[in-house]
Amino acid sequence: MRLSRDKINKLAHVVTDELVVHDEVEFVEDRNTIRLEIVKILNEEMKKEEGLDQEARRKIESQKKTVPEGSLEWDILYRKYYAEELKKL
């Protein structure tokens with residue numbers, strides 16, 4: 001799933017705000033620095049997810065038999081290959 005820049009920023013704000021309300025969490029940096037690090041982490045994770053998606057799609061396309069996207073067989077293969085790639089991480 002792709003997230004827009006605005007959604008990633010919103011999510012980073014929500015996470016930062018949630019961390020602030022917990023007494024167990026102590027900030028050694030200012031809130032904006034923490035928020036920016038959360039944005040960076042989210043972007044890195046989204047890139048990993050995109051790579052998994054591309055690799056799963058590449059494996060489906062490399063099948064001898066053409067499997068149309070959206071078919072039940074395609075969905076099963078996609079989940080299988082995606083899970084395989086996820087295990088590699």
Side-chain angles (χ1 to χ4, degrees):
M1 168 184 19
R2 292 184 182 248
L3 295 176
S4 68
R5 184 170 183 244
D6 289 338
K7 287 182 181 181
I8 290 174
N9 282 326
K10 175 65 176 168
L11 188 54
H13 276 287
V14 169
V15 171
T16 305
D17 292 344
E18 187 61 30
L19 290 172
V20 167
V21 299
H22 292 284
D23 294 332
E24 303 87 23
V25 178
E26 183 178 330
F27 285 84
V28 292
E29 296 284 342
D30 65 288
R31 281 178 72 163
N32 193 52
T33 302
I34 302 297
R35 184 191 62 78
L36 291 173
E37 187 63 25
I38 293 170
V39 167
K40 178 182 164 192
I41 291 168
L42 289 172
N43 282 324
E44 289 170 358
E45 291 302 312
M46 294 301 292
K47 283 182 183 175
K48 287 179 189 176
E49 192 275 334
E50 187 176 317
L52 295 174
D53 176 73
Q54 288 175 352
E55 187 59 25
R57 289 174 181 275
R58 188 195 63 73
K59 286 182 176 182
I60 293 170
E61 290 171 1
S62 70
Q63 300 286 316
K64 289 181 183 178
K65 174 181 148 188
T66 302
V67 182
E69 186 171 347
S71 68
L72 180 59
E73 183 180 7
W74 191 94
D75 291 340
I76 292 168
L77 288 172
Y78 180 84
R79 283 192 296 266
K80 176 186 172 190
Y81 294 143
Y82 188 93
E84 288 175 359
E85 292 303 313
L86 192 56
K87 284 181 186 178
K88 290 179 184 178
L89 284 180

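In this structure, CZ in R58 is found 10.5 Å from CD in Q63, a value given to the nearest 0.5 Å. Note that CD of E61 and CG of L77 are 12.0 Å apart. Values are rounded to the nearest 0.5 Å. With rounding to the nearest 0.5 angstrom, the CH2 atom of W74 is 4.5 Å from the CD1 atom of I60.
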*Residue pair E49, Y82: steps toward the side-chain contact (heavy atoms from CB on, under 4.5 Å) verdict*: CA-CA 9 Å; E49 192 275 334; Y82 188 93; 3.2 Å; yes
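Contacts of K47 classified as side chain to side chain donor-acceptor pair (under 3.5 Å), with partners at least two apart in sequence or in another chain: none. Qualifying side chain to side chain donor-acceptor pair (under 3.5 Å) partners for D53, counting only residues two or more places apart in sequence or in other chains: R57, Y78. Scored by the side chain to side chain donor-acceptor pair (under 3.5 Å) test, E29 finds no partners at all (sequence neighbours excluded). Residues passing the side chain to side chain contact (heavy atoms under 4.5 Å, CB included) test with V25 are L19, H22, F27, sequence neighbours excluded.
Residue pairs meeting the side chain to side chain donor-acceptor pair (under 3.5 Å) criterion with at least one partner in residues 34-44, sequence neighbours excluded, are N32-R35.
Counting heavy atoms from C-beta outward, E55 and K88 have side chains that stay 4.5 Å or more apart. For the pair L89/L52, a side-chain contact is recorded, criterion being any heavy-atom separation below 4.5 Å from C-beta on.
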Result block: side-chain N/O donor-acceptor pairs under 3.5 angstrom for residues 5-14, not counting sequence neighbours:
from, atom 1, to, atom 2, distance (Å)
N9, ND2, R5, O, 3.3

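Linking ILVMFWY residues whenever their side-chain heavy atoms come closer than 4.5 Å, directly or via other members, leaves L86 and L42 in distinct clusters. Connection of I41 to V39 is not established within any shared hydrophobic cluster, with ILVMFWY side chains joined at heavy-atom distances below 4.5 Å, either directly or through further cluster members.
Under the side chain to side chain contact (heavy atoms under 4.5 Å, CB included) test applied with K48, the options E50, M46, E45 reduce to a single match, E45.
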